[in-house]
Amino acid sequence: MTVSKNFPNQLGTKKSLALLLLICLLLSVLVVIAVNRPGVKNIDPRNSLVTDKRSQTLGQIKQDFAVIENTSLFSKGGEAVLDRCTKGFSELRASADYKVTCSLIITHYYGFNGDFRSTMLTLGDGLAAQHWKPYYNKTNTLAGMIENYYDRYYATRHTTDIGERFNGKYLISDLPGTTYIQENSKTTLKVKYGEKEVKDFDWLKVSVGNKGVYYKNDVAPDAEQIHKTLTSQYAYVLVATVERAYAYEGKRPH
């Protein structure tokens, strides 16, 4: 019996093909499982238990804003309320969570005068005292924004070596926003700021994605008009957004 000199190569090729077929088969099985896996049922936003939770969460968010509103530094000039329920996606992973979450996203607009730097540091101290922690790291706090951006580039509010933004000066609205979190409740607070001289109003708007949203009840006033009204009386505008989940199915949002 004669054995081909190419027999080892042929054997290796057959093994590779068999392995490839096995991998394809396993992937097909995983896809079928992921697609057909029953998901968590949508939350009915009209259910009385859900509406009760929504009302309770509204009260909690009111307390979240107290750290800003219980001072004499800021004057409220408007509010936007986004009420949304979102369903999760498997992304073709058999182990994916099909969580469904209903959240309130509430934005308050404030006007304020005085020294921007000291006002932001005072607000940052107040947030820390109420156990608000940086969502990312210490640079993503009001104190971090002042140290790393305002003090570095805004001391004179003019620039000749790092580019012109608006009539040769940087704007407060060009500063990066900050995000805080209450870790026990997974509540987030985003803070942005600006003044009368703006080139666009994107920084005033609440940016929320629509992926997976199956229910929404948004009440959003004209942010540009609010800005116009506030800046007719105040030097600066503060935009604070609190997001809290009030109902969820599946794995708790994190």
Side-chain angles (χ1 to χ4, degrees), residues 54-55 57-84 102-124 126-127 130 132 135 140-142 145-146 149-150 154 157 165-167 169-182 187-210 213 215-244 246:
R54 184 187 295 115
S55 297
T57 302
L58 279 170
Q60 292 168 332
I61 291 177
K62 184 177 181 179
Q63 292 302 311
D64 293 330
F65 282 114
V67 66
I68 300 174
E69 298 178 0
N70 287 350
T71 72
S72 59
L73 298 174
F74 306 97
S75 178
K76 184 180 173 183
E79 177 181 272
V81 179
L82 279 63
D83 181 9
R84 299 192 169 202
C102 292
S103 300
L104 280 169
I105 306 165
I106 299 182
T107 298
H108 286 186
Y109 299 90
Y110 303 94
F112 66 101
N113 290 315
D115 180 67
F116 176 82
R117 185 183 190 280
S118 62
T119 301
M120 292 299 99
L121 291 176
T122 298
L123 176 57
L127 291 172
Q130 294 297 317
W132 287 98
Y135 189 87
N140 189 234
T141 61
L142 290 169
M145 177 272 293
I146 291 294
Y149 295 93
Y150 187 85
Y154 288 66
R157 296 291 310 280
R165 176 67 170 108
F166 185 90
N167 291 336
K169 71 177 181 180
Y170 276 130
L171 299 177
I172 295 301
S173 56
D174 290 326
L175 289 165
T178 58
T179 305
Y180 291 83
I181 186 170
Q182 290 272 12
T187 303
T188 59
L189 167 64
K190 296 181 179 179
V191 182
K192 296 182 289 187
Y193 10 73
E195 65 275 81
K196 187 173 184 176
E197 304 165 294
V198 295
K199 293 186 71 176
D200 59 62
F201 293 90
D202 288 344
W203 64 276
L204 281 166
K205 301 171 184 177
V206 183
S207 178
V208 180
N210 288 309
V213 174
Y215 166 82
K216 66 178 179 178
N217 182 22
D218 299 347
V219 180
D222 186 341
E224 292 185 32
Q225 184 58 48
I226 291 175
H227 174 270
K228 182 178 180 180
T229 301
L230 286 173
T231 54
S232 68
Q233 306 172 59
Y234 302 96
Y236 304 105
V237 173
L238 182 84
V239 182
T241 301
V242 172
E243 180 172 356
R244 268 184 181 262
Y246 62 84

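All heavy atoms count here, side chains included; hydrogens, waters and symmetry mates do not. Predicted model only: the values in this text are computed from it and were never measured.
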Colleague: Taking the six-membered ring for Trp, are the ring centroids of Tyr236 and Phe112 within less than 6.0 Å of each other?
Modeller: yes
Colleague: Can you find a pair of side-chain heavy atoms, one from Thr188 and one from Val242, that are under 4.5 Å apart?
Modeller: no
Colleague: Stepwise, does the salt bridge (charged side-chain N to carboxylate O under 4.0 Å, His left out) test hold for Asp222 with Lys228?
Modeller: CA-CA 10 Å; Asp222 186 341; Lys228 182 178 180 180; over 6 Å; no
Colleague: Do Ile105 and Thr241 come within less than 4.5 Å of each other through their side chains, counting heavy atoms only?
Modeller: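 In contact.
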Colleague: Closest heavy-atom contact between Leu142 and Gly124?
Modeller: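 Closest approach of Leu142 to Gly124, heavy atoms only: CD1-N, 3.6 Å.
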Colleague: To the nearest 0.5 Å, tell me how far Ile68 CD1 sits from Leu238 CG.
Modeller: 5.5 Å
Colleague: Mind checking whether Tyr193 and Phe116 have ring centres under 6.0 Å apart?
Modeller: yes
Colleague: Do the side chain of Gln60 and the main chain of Arg244 share a donor and acceptor less than 3.5 angstrom apart?
Modeller: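 No.
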Colleague: Apply side chain to side chain contact (heavy atoms under 4.5 Å, CB included) to residues Thr178 and Tyr135 and explain how you reach the verdict.
Modeller: CA-CA 8 Å; Thr178 58; Tyr135 189 87; over 6 Å; no
Colleague: Could you tell me whether Asp218 and Arg84 have a side-chain N and a carboxylate O separated by less than 4.0 Å?
Modeller: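 Yes, charged N to carboxylate O under 4.0 Å.
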Colleague: Go through Glu197 and Leu171 one step at a time and tell me if the side chain to side chain contact (heavy atoms under 4.5 Å, CB included) criterion holds.
Modeller: CA-CA 7 Å; Glu197 304 165 294; Leu171 299 177; 4.0 Å; yes
Colleague: Counting only heavy atoms not in Tyr149 (residues, nucleotides, ligands), do more than 12 fall under 6.0 Å from its OH?
Modeller: no
Colleague: Check this for me, if you would: do Asp83 and Arg54 make a salt bridge, where the nitrogen-to-carboxylate-oxygen distance has to be below 4.0 angstrom?
Modeller: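 Answer for the salt bridge query: yes.
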Colleague: Near Lys196 NZ, under 6.0 Å, is it more than 12 heavy atoms from other residues, nucleotides or ligands?
Modeller: no
Colleague: For Tyr215 and Val213: C-alpha separation, side-chain torsions, deciding distance, then whether side chain to side chain contact (heavy atoms under 4.5 Å, CB included) applies.
Modeller: CA-CA 6 Å; Tyr215 166 82; Val213 174; 5.8 Å; no
Colleague: Would you confirm whether Asn70, through its side chain, and Val67, through its main-chain N or O, come within 3.5 Å as a donor-acceptor pair?
Modeller: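 Pair absent, no side-chain N/O of Asn70 close to backbone of Val67.
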Colleague: Would you say the side-chain atoms of Ser75 and Tyr234 include a donor-acceptor pair closer than 3.5 Å?
Modeller: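 There is such a pair (donor and acceptor under 3.5 Å, judged by atom type) between the side chains of Ser75 and Tyr234.
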Colleague: Which heavy atom of Tyr109 sits nearest to which heavy atom of Glu79, and what is that distance?
Modeller: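 Closest pair (atom of Tyr109, atom of Glu79, distance): CD1-N, 4.1 Å.
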Colleague: Is the shortest side-chain heavy-atom distance between Thr122 and Leu73 below 4.5 Å?
Modeller: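 With C-beta onward as the side chain, the pair touches.
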Colleague: Please find the pair of heavy atoms, one from Pro221 and one from Ile226, that lie closest to each other, and give the distance.
Modeller: CG-CD1, 3.6 Å
Colleague: Of all heavy-atom pairs between Asp115 and Ser118, which one has the smallest distance, and what is that distance?
Modeller: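 So the minimum-distance heavy-atom pair works out to OD2-N, 2.8 Å.
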Colleague: Between Leu104 and Leu82, is a side chain to side chain contact (heavy atoms under 4.5 Å, CB included) present by the stated rule, with each step listed?
Modeller: CA-CA 6 Å; Leu104 280 169; Leu82 279 63; over 6 Å; no
Colleague: Of the options Thr187, Val191, Ile181, Thr179, which is the one that meets Trp132 in a side-chain contact (heavy atoms from CB on, under 4.5 Å)?
Modeller: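 So, applying the side-chain contact (heavy atoms from CB on, under 4.5 Å) to Trp132 and each of Thr187, Val191, Ile181, Thr179, only Thr187 qualifies.
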Colleague: For the residue pair Ala220 and Ala80, what are the closest heavy atoms and their distance?
Modeller: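 Between these two residues, the closest heavy atoms are CA-CB, 4.1 Å.
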Colleague: Verify the distance criterion only: is there a donor paired with an acceptor across the side chains of Tyr110 and Glu69 at less than 3.5 Å?
Modeller: yes
